[in-house]
Q: 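Can you read through this structure? Questions will come right after.
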Protein chains: 2
Amino acid sequence: MRKTIDTREAILERAVDLASTDGLEGLTIGRLAGELEMSKSGLFGHFGSKEDLQIATIERAGRRFIGRVVEPAYRSTPEGAERLRALVNGYIDHMAEDIFPGGCFWAAASAEFDGRPGPVRDAVKDAMAAWLAELERQAEAAGADDPKQLAFELHALAAGANQRYQLFGDPEAFEHARRGIERLLG
Amino acid sequence: MRKTIDTREAILERAVDLASTDGLEGLTIGRLAGELEMSKSGLFGHFGSKEDLQIATIERAGRRFIGRVVEPAYRSTPEGAERLRALVNGYIDHMAEDIFPGGCFWAAASAEFDGRPGPVRDAVKDAMAAWLAELERQAEAAGADDPKQLAFELHALAAGANQRYQLFGDPEAFEHARRGIERLLG
DNA sequence: CCTACCGATCGGTAGG
DNA sequence: CCTACCGATCGGTAGG
């Protein structure tokens with residue numbers, strides 16, 4: 001039992017990385033099995049379908065993001081302006097550190113599935129909605145005039161930095177984003 | 001000759017739409033041929049490889065964007081602040097009008113290929129670079145303090161609106177983007 | 001522009 | 001968790 005769970009976790013860790021570079025559709029059972037040196041059917045048995053694997057991968061990416069960005073911000077800052085800044089800067093830091101190879105998992109998954117209705121798209125949507133709601137909550141606690149507007153702009157700057165950095169390999173992207181964030185928050 | 005060119009153009013028009021929803025990798029020769037009611041090899045003959053088809057599709061999407069966004073802005077406004085506003089608002093309008101089904105072609109293509117070096121990625125990069133350079137040029141003509149920073153933020157707001165609108169189907173995304181743009185330009 | 005193929009890979013199943 | 005398969009589809013080719 002233990003080992004089965006461990007194997008499943010190991011599969012999903014690799015799956016998140018593979019999906020970050022090649023997309024959730026490019027995440028094929030055969031390639032994933034090959035990289036983990038197990039048979040296709042052995043891997044397949046941990047999931048009921050490719051769709052289930054994709055959804056489990058999205059959930060796993062969500063836990064990684066929470067562990068690396070959200071929890072540190074909660075531990076180090078009080079609710080409000082400070083936590084809002086820590087969340088957005090943490091998001092940017094984790095892009096700059098290439099924690100998801102191939103760029104932000106969420107930007108990729110969102111662009112890939114936004115036009116394809118179904119449970120995979122819904123899983124991406126739920127994760128993004130939770131992140132935006134968290135930003136709005138902290139913006140409200142910070143006493144922002146328009147918390148939704150602020151959350152939108154902060155996320156747009158971070159997502160814009162990811163797109164620019166991934167495409168041009170230009171670390172200046174992060175500087176631009178940070179400057180915009182400081183102008184909004186400071 | 002004429003007809004060969006027309007056929008090629010028709011193929012690429014469908015290809016841009018298909019790639020907008022299913023990605024440049026999901027753009028398969030078989031599906032495209034099926035939708036156009038021609039044989040795979042008949043379609044394939046217009047291109048030398050799938051990669052060539054992808055690059056030709058990117059170029060075609062670029063011409064569509066220029067025709068629908070850039071040229072109207074040039075015709076209706078003088079260089080500088082007015083043209084900058086017209087370009088960014090035109091970009092947002094063309095997202096809201098669903099000119100690319102499945103969301104902005106560029107956001108999708110960029111996220112899909114940013115982690116895969118090669119000529120396809122380079123074609124996406126060149127198109128995005130030309131767009132950002134155009135924004136920077138108009139920002140400079142408008143007398144902005146930091147034209148690169150302004151261009152980055154304007155594009156980020158527009159791209160953020162696309163992501164949000166495509167994922168949540170929420171037209172408020174465009175209002176948020178327009179509000180941010182007015183604050184930056186006004 | 002077509003028919004008729006090729007080897008490789010896809011998601012998924014049978015049976016152990 | 002495996003081997004051994006299935007039908008479908010992939011990009012691409014031969015030959016006309």
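Predicted model, so just to flag it, every value in this text is computed and none were measured. Numbered from 1 within each chain, the chains take letters A, B, ... in sequence-line order. Side-chain atoms are counted along with the backbone in the values below, which use heavy atoms only and exclude waters and symmetry mates.
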Q: Please indicate whether A:Lys50 has more than 12 foreign heavy atoms, meaning atoms of other residues, nucleotides or ligands, lying under 6.0 Å from its NZ.
A: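 Above 12, so yes.
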
Q: Between CD of B:Glu153 and CG of B:Asp146, what distance do you get to the nearest 0.5 Å?
A: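 Reported value, rounded in 0.5 Å steps: 9.0 Å.
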
Q: Can you tell me the distance, in whole Å, between the CG atom of A:Leu43 and the C1' atom of C:dG12?
A: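 Rounded to the whole Å, the gap is 13 Å.
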
Q: Between C:dT3 and B:Ser41, counting only base atoms on the nucleotide and side-chain atoms on the residue, is there a donor-acceptor pair under 3.5 Å?
A: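 Between C:dT3 and B:Ser41, which were checked side chain against base, a qualifying N/O pair under 3.5 Å is present.
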
Q: Partner of D:dG16 by Watson-Crick or G-U wobble geometry, both contacts under 3.5 Å, or none?
A: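 D:dG16 is paired with C:dC1.
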
Q: Quick check: on DNA chain C, is the nucleotide nearest B:Ile11 upstream (toward 5') of the one nearest A:Glu51, or the reverse? Name the residue that is more 5'.
A: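 Result: B:Ile11.
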
Q: Which nucleotide in the set D:dG12, D:dT13, C:dG11 lies at the smallest distance from any side-chain heavy atom of A:Ile29?
A: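 The closest nucleotide is C:dG11.
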
Q: Is there a donor and acceptor pair, one atom on the side chain of A:Lys40 and one on the base of C:dG11, closer than 3.5 Å?
A: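 When only heavy-atom distances are counted, A:Lys40 does reach the base of C:dG11 through a donor-acceptor pair under 3.5 Å.
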
Q: Taking the six-membered ring for Trp, is the centroid-to-centroid distance between A:His155 and A:Phe152 below 6.0 Å?
A: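 No, the ring centres sit 6.0 Å or more apart.
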
Q: To the nearest Å, give me how far apart CG (A:Leu27) and P (C:dT9) are.
A: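 The distance from CG of A:Leu27 to P of C:dT9 comes to 17 Å, rounded to the nearest Å.
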
Q: Got a donor-acceptor pair under 3.5 Å from the side chain of B:Thr28 to the base of D:dC10?
A: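 Looking at the base of D:dC10, it does not pair with any donor or acceptor on the side chain of B:Thr28 (distance under 3.5 Å).
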
Q: Between B:Leu36 (CG) and C:dC1 (C1'), how many Å, whole number?
A: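 Whole-Å distance recorded here is 14 Å.
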
Q: Rounded off to whole Å, could you give me the CG-to-C1' distance for the A:Asp52 and C:dG12 pair?
A: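 Computing the A:Asp52:CG to C:dG12:C1' distance gives 13 Å.
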
Q: Taking everything shown except A:Glu134 itself, do over 12 heavy atoms lie less than 6.0 Å from its CD?
A: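 Check passes, neighbour count above 12.
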
Q: Choose from C:dG12, D:dT13, C:dC1 the nucleotide whose nearest atom is closest to any side-chain atom of A:Phe44.
A: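 Looking only at side-chain atoms, A:Phe44 lies closest to C:dG12.
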
Q: Over how many whole Å does the gap from B:Arg31 atom CZ to D:dC10 atom P extend?
A: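 Whole-Å distance recorded here is 8 Å.
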
Q: Take the protein atom NZ of B:Lys50 and the nucleotide atom P of D:dG12, then report the distance between them rounded to whole Å.
A: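 My rounded result for the distance is 8 Å.
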
Q: Expressed as a whole number of angstroms, how long is the span from A:Asp22:CG to C:dC10:C1'?
A: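 A:Asp22 atom CG is separated from C:dC10 atom C1' by 15 Å.
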
Q: Are the aromatic rings of B:Tyr91 and B:Phe65 close, with centres under 6.0 Å apart?
A: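 Between B:Phe65 and B:Tyr91, which both carry aromatic rings, the centre distance is below 6.0 Å.
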
Q: In whole Å, I'd like the distance from the CG atom of A:Leu32 to the P atom of C:dG11.
A: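 Nearest whole value for this atom pair: 10 Å.
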
